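Input: a single structure, listed below in structure tokens.
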Amino acid sequence: AEFIMAEFPLVENVGESGQWGPQQSASISLGFLYQPFSKTERLGMAAEITQSSYNYRGFRKFNPRQATKPKTEAENFQLVDTSQAKTYKFRPRRPQRRNYQQFDADQQQQQAQRNRNRDRDRLRLEMKVKKRWKQSARRRVDRNQRRNIKFNAEIKPSWPVIKDIDFLDLKRASFEVPKPKDVHLAGSVPYLARRLESVRPKNPEKLSLPKDRRPQYATTAHEDPIMKEHAEKGTANVFATDEVLAYLMSASRSFYPFDIIVRKENGCIYFDKRDGGPIDQESVDENALRPPMEEDEKHRNSPKNLNRELSAVSRFYKSQTLTRAEKPASMGNPSPFKDKIPTGYRYRVWELHEGFNLMVRCHHDALCVEKMGGKVKKHFVATKALLEYGMEMFKNGWRKQLEQQRGSALVTSMKNNGCLFSRWVISSILSANKEIKVAYISRRDPKVPTSHFILGVDTINTLQTATEMDIKMDNGFGIIASLVNLFDQQEEDEAEFRIVREAAKASLKIVRVLDDEMESEEDDDDDDEEEEDLFDAY
């Protein structure tokens with residue numbers, strides 16, 4: 001067979017002879033369809049003659065529809081994305097075959113495990129509670145054992161017990177009294193030196209020791225000449241000092257033992273103390289969880305020696321905080337006593353029930369002067385001191401607390417010395433002292449109890465502190481009124497009694513001293529007084 005070539009007509013050149021290609025004005029008709037392309041497109045062949053299309057890579061199939069329709073701007077846009085679209089195959093859910101026996105066994109096993117975990121947690125909690133209870137019980141036993149200070153006053157078994165008053169009954173007592181009357185003012189009150197209030201632990205001030213270091217005990221109410229004079233006049237028939245009343249009103253907060261002598265004679269009742277007894281001394285950490293625990297009385301940190309040390313330090317601080325430049329302010333009458341340190345005395349009378357009038361001898365330690373708004377105001381203050389003695393005082397003691405957290409030092413001291421602070425507050429309320437100046441006094445060396453530094457001084461308001469410590473004067477006067485009724489009901493016109501607070505019992509025991517043993521007791525007290533006068537703690 002002969003091969004016949006395809007024939008197609010040639011296009012005539014209608015242009016000029018010097019130019020190739022069609023003219024712009026000439027209309028060209030090729031007679032077949034063509035597809036436009038850009039310079040960036042890839043071309044396989046110039047013309048396709050023998051086959052209609054090729055399927056190999058790089059060749060594009062001819063689509064007449066694309067040739068007849070011009071592409072728009074949206075159609076020319078191409079999204080370049082090489083990722084493959086995810087296809088989700090949804091299949092019908094097949095019913096699961098459950099092994100109900102195995103399922104029940106698993107449930108029972110899980111429940112058993114939960115029960116074992118619950119029993120284990122309950123056992124751990126019970127063990128923790130028992131451990132805490134044992135620790136608290138051990139602390140309570142230790143506190144009672146450590147506070148079991150040897151009682152100096154001898155209570156003979158032959159003395160009859162009149163009544164044993166529980167502390168709960170003391171807390172329930174209440175009696176409202178009217179405002180007191182000032183019947184006599186005596187002595188002189190020195191002015192307070194404000195320079196000690198600016199002392200800081202970084203620059204402490206050394207506590208100076210006076211030449212005469214022996215203690216001077218306050219005169220009892222039975223031996224007070226002013227009270228004897230008013231007893232003869234009939235101004236009052238119950239006599240006491242502010243310190244003795246403070247001990248009785250705060251007895252429920254105490255742990256250390258003490259005793260108070262009660263004398264009934266000539267229709268009057270006197271509440272007195274023993275010279276050199278617990279009332280004449282300050283207590284150290286009486287209410288702390290870990291009070292002084294040295295059993296050896298000769299040890300420097302035994303409760304007895306610490307109380308003596310704090311009492312001496314308080315006297316020395318009181319002498320140092322008073323100014324010597326100004327003359328003490330007179331109360332109006334000379335002092336009935338020979339005081340080493342000038343002290344102001346205020347004799348006040350409260351009306352009790354059933355014709356009983358209570359006369360109390362109160363005292364003022366210093367007179368504070370303040371200038372406010374161009375006016376000068378004066379008020380009475382009491383000066384007290386606290387003692388730091390332990391080995392931990394250089395790590396977490398007052399030297400660190402007073403610089404960083406000054407308020408925490410006062411709160412901790414009030415917690416550890418709750419009974420001591422309550423006595424200070426009650427005595428200041430009775431004496432009409434507006435403020436109490438509390439000094440933080442620490443040993444220079446924990447092993448040397450004879451050298452101290454003043455680290456700082458805090459001022460507390462008397463009435464505000466009484467509210468914070470829940471001290472109610474109605475409760476205090478209720479205790480005094482109940483004791484006065486008890487002694488007045490006794491048949492003896494002249495007798496002597498003892499109010500004893502024992503260390504191991506939370507109660508006040510009232511006993512009567514027999515008549516034939518009163519003289520021997522007075523002789524023993526005189527001997528003790530001579531021994532105490534010869535004692536020089538420093």
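Values in this document were obtained by computation on a predicted structure and should not be read as measured data.
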Would you give the length of the straight line joining atom [atom1] of [X] to atom [atom2] of [Y], rounded to the nearest 0.5 angstrom?
X: Ile279; Y: Thr241; atom1: CD1; atom2: OG1; result: 7.0 Å
X: Asp164; Y: Ser507; atom1: CG; atom2: OG; result: 3.5 Å
X: Gln111; Y: Arg116; atom1: CD; atom2: CZ; result: 10.5 Å
X: Phe487; Y: Ile499; atom1: CZ; atom2: CD1; result: 4.0 Å
X: Leu209; Y: Gln320; atom1: CG; atom2: CD; result: 9.0 Å
X: Phe271; Y: Leu248; atom1: CZ; atom2: CG; result: 6.5 Å

So, Asp169 and Arg172, do they make that salt bridge, N to O below 4.0 Å? yes
Compare every heavy atom of [Y] with every heavy atom of [X], then report the nearest pair and how far apart it is.
X: Tyr440; Y: Ser413; value: CE2-OG, 4.1 Å
X: Asn287; Y: Cys419; value: OD1-N, 2.9 Å
X: Arg253; Y: Met469; value: NH2-O, 2.9 Å
X: Ile426; Y: Ala246; value: CG2-CA, 3.9 Å
X: Pro292; Y: Asn301; value: CB-O, 3.8 Å
X: Glu354; Y: Asn485; value: OE1-OD1, 3.9 Å

Do any N or O atoms from the side chain of [X] and from the backbone of [Y] form a donor-acceptor pair under 3.5 angstrom?
X: Ser311; Y: Glu282; answer: yes
X: Asn417; Y: Asp285; answer: yes
X: Lys273; Y: Ala218; answer: yes
X: Glu286; Y: Phe255; answer: yes
X: Ser319; Y: Phe316; answer: no
X: Asn433; Y: His364; answer: no
X: Tyr247; Y: Ile260; answer: no
X: Thr467; Y: Leu463; answer: yes
X: Asp474; Y: Glu176; answer: no
X: Asn307; Y: Val284; answer: yes

Any side-chain heavy-atom pair from [X] and [Y] closer than 4.5 angstrom?
X: Thr321; Y: Ile454; value: no
X: Arg348; Y: Leu430; value: no
X: Phe175; Y: Ile479; value: no
X: Met249; Y: Met473; value: yes
X: Arg501; Y: Pro278; value: no
X: Leu402; Y: Arg200; value: no
X: Glu370; Y: Arg194; value: yes
X: Val484; Y: Leu358; value: no

Phe380 and Asp365: CA distance, side-chain angles, deciding distance, side-chain contact (heavy atoms from CB on, under 4.5 Å) verdict: CA-CA 7 Å; Phe380 296 103; Asp365 292 335; over 6 Å; no
Within a radius of less than 6.0 Å around [atom1] of [X], do more than 12 heavy atoms belonging to other residues, nucleotides or ligands occur?
X: Gln109; atom1: CD; answer: no
X: Gln490; atom1: CD; answer: yes
X: Asp121; atom1: CG; answer: yes
X: Arg444; atom1: CZ; answer: no

Relative to the ring of Phe477, is the ring of Trp350 parallel (under 30°), tilted (30 to 60°) or perpendicular (over 60°)? tilted
Stepwise side chain to side chain donor-acceptor pair (under 3.5 Å) check, Arg118 with Asn115: CA-CA 5 Å; Arg118 181 185 58 196; Asn115 294 339; 3.2 Å; yes
Using side-chain contact (heavy atoms from CB on, under 4.5 Å), reason through Leu386 and Leu420 one step at a time and then give a plain yes or no. CA-CA 10 Å; Leu386 297 171; Leu420 180 64; 4.2 Å; yes
side-chain contact (heavy atoms from CB on, under 4.5 Å) assessment of Tyr317 paired with Lys437: CA-CA 11 Å; Tyr317 166 71; Lys437 301 292 182 178; 4.3 Å; yes
If the test is side chain to side chain contact (heavy atoms under 4.5 Å, CB included), which one of Glu388, Lys206, Glu309 qualifies with His452? Glu309
Between Asn117 and Arg114, do the side chains contain an N or O donor and an N or O acceptor separated by less than 3.5 Å? no
Yes or no on side-chain contact (heavy atoms from CB on, under 4.5 Å) for Arg498 and Val513, after CA distance, side-chain angles and deciding distance? CA-CA 7 Å; Arg498 292 286 179 90; Val513 181; 3.8 Å; yes
